[in-house]
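Data first, discussion second: the structure below is written as structure tokens.
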Amino acid sequence: MFLPIGGVELSTLPQQLVDGLLLGFIYALIALGYTMVYGVLKLINFAHGEVFMIGAYCALFTSWALGYIPNNTLGAGQWWMLIVMLVASMVGCGLLGMTIERFAYRPLRNQPRIASLITAIGLSLLLQYGGQIFLPLNQNIDSKINPAAGAFTIALGGGKAVDTATLKNTLQQKQAAFDEYLKRTKADPFNLDADGKKIRSEAQAAERDLKNAADTGKGTTLVIPYGKVIAMIATIFLMMGLTYLVMYTKRGRAMRAVSHDFDAASLMGINVNSIVTFTFLLGSVMAGAGAMMVATFYAGAKIDTFFGMVFGVKAFVAAVLGGIGNIPGAVLGGLLMGLTEGLVSWLGFTAYKDAVAFVVLIVVLLLRPGGLLGSAKVEKV
Amino acid sequence: MKGFWPVRLGSIGLAIVGAFLIDQLSRGNDFTQRLVVLAALYVTLAVSLNLINGITGQFSMGHAAFYMVGAYTAAISTLFHPDLAAKNPLLWLLGMMVFGAVMAGFAGLLVGVPSLRLRGDYLAIVTLGFGEIVRIVANNVKFGTKGGSYGFSVDVHVTAVWLAWLFAFFAIAICRNLLSTARGLTFLAVREDETASLAMGVNVTQTKVTAFVIGAALAGGAGAILAHFEGFASSNMFTMDVSFIIVTMVVLGGTGSITGAVVAAVLLFFVPEKMRDLPDMPIGGITAFFILTGLVVAALRYVSQHYHGAASRKAMLYSGVVVLGIVIAAILGVALNAIPAVKAVPLVEGAKLRLVVFAVTLIVLMLLRPQGIFGKSEFSWDWFRRLGKKSEAVLS
Amino acid sequence: MSLLQLKEATIRFGGLTAVNAVSFEIQPGQLFGLIGPNGAGKTTCFNLITGVYKPTSGDILFEGQPIAGTPPNKIASRGICRTFQNIRLFKSMSVLENVVTAGFLRHKTSLLSSLLYTPAVIKETKELEAEAMQLLKAVSLDHVAHVCSADLSYGMQRRLEIARAMATQPKLLLLDEPAAGMNPQEKQDLNGMVRNIREQFGLTVLLIEHDMRFVMSLCEQIVVLDHGEEIAQGGPDEIRNDPKVIAAYLGEPA
């Protein structure tokens, strides 16, 4: 079913796309914070990625409090532990977001917006580098705390009988040749001459061929860890909750009013300050949830004070892509971003992954200056 | 034009003498020399970004990319023509500055064109993205075994402090000249109101692109100097942070003020660099410093908003608050360190505090003076005249 | 030959026809009025003439040449300049600088000479400043030449807009509600000022205004728009007695 075309392995495409989509949900969750804050204050909250980072630390500390300190001997965790961690990082981030708004952004609200922007950059640097003084670095949340450790394995078929015996034979011959070479020349295996390198690379090529053949024989399988699925489901629930809050509650209506016209909303008796604080709270809570999920379910996520940088930038691009200030746009942007990344990795341009995100953004903005779902404001003359 | 040539030649002479004076003073210590060169480059960068951001009002956040284009142009050219470069390094560097400026100017043209369609935040984001794209592409550029994420080594070193400063003075002069002419006013007009500028016949497209090209070209020239001074150019020297720092210099100095850009560039460059020499510090002291900084800022804001007395009294009040803050911070620091648990924490390296102090300076300055140090005003000799008059008045 | 001619100029925004087949001609030297109730399409008409919008259909001729769809700055350099209903000054600049900026259009010293600040550029700047001072005198703002334009009073800002537009040395000056927000005395002064400017600089003036007395006393020819349609055209007396105009302003008689 899946055949390699022009050096690109089609069989890995489904896995990359699914991974990308799952990651896209996380991007979307963080992008919501950027977009909502921009909606009400027209401010790019550069510190949002750092709020996300603090969320990861909240989850980490909670996991420690639950006994999952480094090198513990505990067994698998309980479901309630995950929920406690989620709540802890959501609360932690919510408080941080509100504090930042109150003490860093509110005093500058009547000043040119660039002043808030610079303050946001300053806060981001402060949390990154100040955090290095006060926070433990290079930590991992023990993956044992996740009770659902397995993964869905879905066979997509496409397996093909391959004669591995010949390849195995070749590999053995090449390896033997290399061993013999080493024995003969007493060369340092880490410092080979040209001949040695040639023999070694032949052996390596044979090994690769065998592995590829074995993979082809197995056919295409999708591996989706339970944790990532849990994260996706939780994200969807959170987004539904947010939609309800924004679209069907009084506060949500006030929020939308403020984002349409800040001054008019305050003249209509809306307590603008409390709405702005509420917006920061909501956005930061979403970031907290995202942080906990990345830190817990994504294997190899090392937590340090720069944890939020990559996710922050990606989510920010996603928010702009969808049309900053537009909530459905942020979700769309996040998912697109994830899928694009999957696609780019699949094509083998992993080194250019981050650049492609920006290329997509620039192309979209040039075609639609307000983002995918946003509309560029036309100034009245 | 009476008096034109004496003034012009005088200023050029002054710039040359100034540049060589700085060169002489920084001699003897490699570290100082490096700082002085980098300071000049940052001045150039801030002034050139000020032309785009401050004067023309096009919010660009990818200035490091132009800097990098200049540096990489020089590095790669040197890689391909090492003999030519080694023959007369200084002449080569001058050539590279021009070539780097041309290439960066070309990049500026590339970025300037989208600026015609995008405004405000969207433009900021696109320029930021452009910066990242250029950096990531550069990170993957390889010629044979050279290049990649380690960058290129530039084997022709040129340690010319005077040249870096002369170039900085050149950038300042160009921007100042432009602003003194009617053409310069059209740049300001584009910042103030595009629609009205168009209606008055200003070619907004051309103005914006011109600003981008000149700003980028100056940054490119600075990049070439950097590459030959450091002896290498790699993409991690030009991350998003560098762009942010340059934007910060422009805003902190006062958006649109050339004087502000220069002062802020020197200040923001030297303050963190000096922090490298800080001794290791106990964590209690650092905590006290953070807490008291917050409180002092809050108090200063309160004073500025609620005290409406004479300016001199107000200034005394300000300094009182600051002194009180320092005293309390010292007491609190000592007190915190008396707690055994706090005392047990190992000392924090002074160097680690470098960017923290940078960030705090940024936030504090913005909270206390959002319009930037110089607002929109420029340095002029009138200040001294006025100061003189004031002191005369006091004396009589 | 007429200076400006609109031929069936039409513009639609989606389903809304803001200006529908409007035609009129302005002769050189005329003081021409464009009136109509709110939302009649007067400012849109201005935007069509000055190139802010491109007409959906129809033609606009300036000195016999079609200008529809030309960029605003090109139209300005051909000799049409305007003021804005919601004042659009270059706020952070001084009064003098506002006018000098507009005057620069006619002086094309090269960019390089500006960057090098050559004697020619210095001379040009001086000349522009002198010209600007003349214009400021004409609108009696010379005493505040070095004040920041945002600090001026409303009436002064309107006059500054006129001076700024004049600095481009237009053949046709478009004034968008120049008397809005002025008291009777200021309006009286403005009336004199507009006449004065026309005499002194040999201009043609097209203006939008709501104040009937002001328009009737100033303009020689008037076009009335309502709901994007042209409903009447003629001298002040004809317009005053036109039943359609009365209906548009006061409603249909019962």
Side-chain angles (χ1 to χ4, degrees), chain A residues 38 42-44 46 103-105 107-108 110-134 309 313 316-317 319-321 323-325 349 351-362 365-367 369-371 374 376-377 379-381, chain B residues 53 59 114 117-126 128-137 139-140 149 194-196 199 240-241 244-245 247-248 250-252 255 283 286-287 290 294 297-298 301 348-349 352-367 369-372:
Chain A
Y38 189 88
K42 303 283 172 285
L43 163 73
I44 300 172
F46 273 114
F103 293 105
Y105 297 150
L108 292 172
N110 297 325
Q111 300 294 339
R113 280 191 306 137
I114 180 109
S116 315
L117 196 76
I118 296 296
T119 311
I121 293 174
L123 273 172
S124 158
L125 289 175
L126 179 65
L127 287 169
Q128 278 172 6
Y129 292 96
Q132 300 222 315
I133 299 173
F134 293 101
M309 245 169 68
V313 170
F316 167 57
V317 171
V320 182
L321 193 64
I324 195 159
F349 295 111
Y352 291 95
K353 202 166 67 175
D354 299 349
V356 170
F358 280 109
V359 171
V360 171
L361 176 78
I362 292 178
L365 283 187
L366 287 182
L367 297 177
K377 278 203 180 112
E379 203 184 0
K380 203 163 179 278
V381 181
Chain B
N53 264 19
F59 197 178
R117 223 172 123 71
L118 298 165
R119 286 191 190 171
D121 295 335
Y122 283 101
L123 178 63
I125 294 156
V126 164
L128 187 114
F130 173 79
E132 279 299 281
I133 292 171
V134 172
R135 189 180 64 79
I136 293 166
V137 169
N139 201 26
N140 289 290
S149 52
E194 274 185 35
T195 310
M240 220 188 273
D241 286 356
F244 283 168
I245 289 174
V247 171
T248 306
V250 171
V251 177
L252 216 60
T255 308
I283 200 141
I286 297 170
T287 315
F290 272 124
V297 169
R301 279 183 62 87
V348 178
E349 286 169 53
K352 261 191 171 178
L353 289 171
R354 199 168 70 91
L355 280 158
V356 178
V357 173
F358 179 82
V360 171
T361 317
L362 218 68
I363 300 171
V364 168
L365 273 175
M366 274 295 116
L367 284 173
R369 203 172 156 79
Q371 71 272 43

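Order of the sequence lines fixes the chain letters, A, B, ..., with proteins taken first and strands second; residue numbering starts at 1 for each chain.
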Pick one of side chain, backbone, both or neither for P107(A), based on which atoms fall under 4.5 Å of a heavy atom in chain B. both
Is it the side chain or the backbone of V126(B) that comes within 4.5 Å of chain A heavy atoms, both, or neither? both
D241(B) versus chain A, the contacting section by heavy-atom distance below 4.5 Å: side chain
Proximal component of L367(A), with respect to chain B [non-hydrogen, under 4.5 Å]: backbone
Checking F316(A) against chain B: side chain, backbone, both or neither under 4.5 Å from a heavy atom? side chain
Between chain A and each of I133(B), L362(B), N53(B), count heavy-atom pairs under 4.5 Å; write down the option with the most. I133(B)
For chain A, which candidate among E132(B), Q371(B), R301(B) shows the most heavy-atom pairs at distances under 4.5 Å? R301(B)
Taken in chain and number order and not counting sequence neighbours, the residues that satisfy ring-ring contact (aromatic ring centres under 6.0 Å, His included) with F244(B) are F46(A)
Any side-chain hydrogen bond (donor to acceptor under 3.5 Å, both in side chains) involving residues 110-119 of chain A? Give me the pairs, sequence neighbours left out, ordered by first then second residue. R113(A)-D121(B)
Side chain from CB out, backbone as N, CA, C, O: work out which of these in V313(A) comes under 4.5 Å of a heavy atom of chain B, or both, or neither. side chain
Using every non-hydrogen atom in the two residues, find where A357(A) and V317(A) come nearest and quote the distance to one decimal. O-CG1, 4.0 Å
Which residue out of I136(B), L118(B), I286(B) racks up the most heavy-atom pairs below 4.5 Å with chain A? I136(B)
Under a 4.5 Å heavy-atom cut-off, does chain B meet the side chain of L127(A), its backbone, both or neither? neither
So what's closer than 4.5 Å to chain A heavy atoms on V357(B): side chain, backbone, both or neither? neither
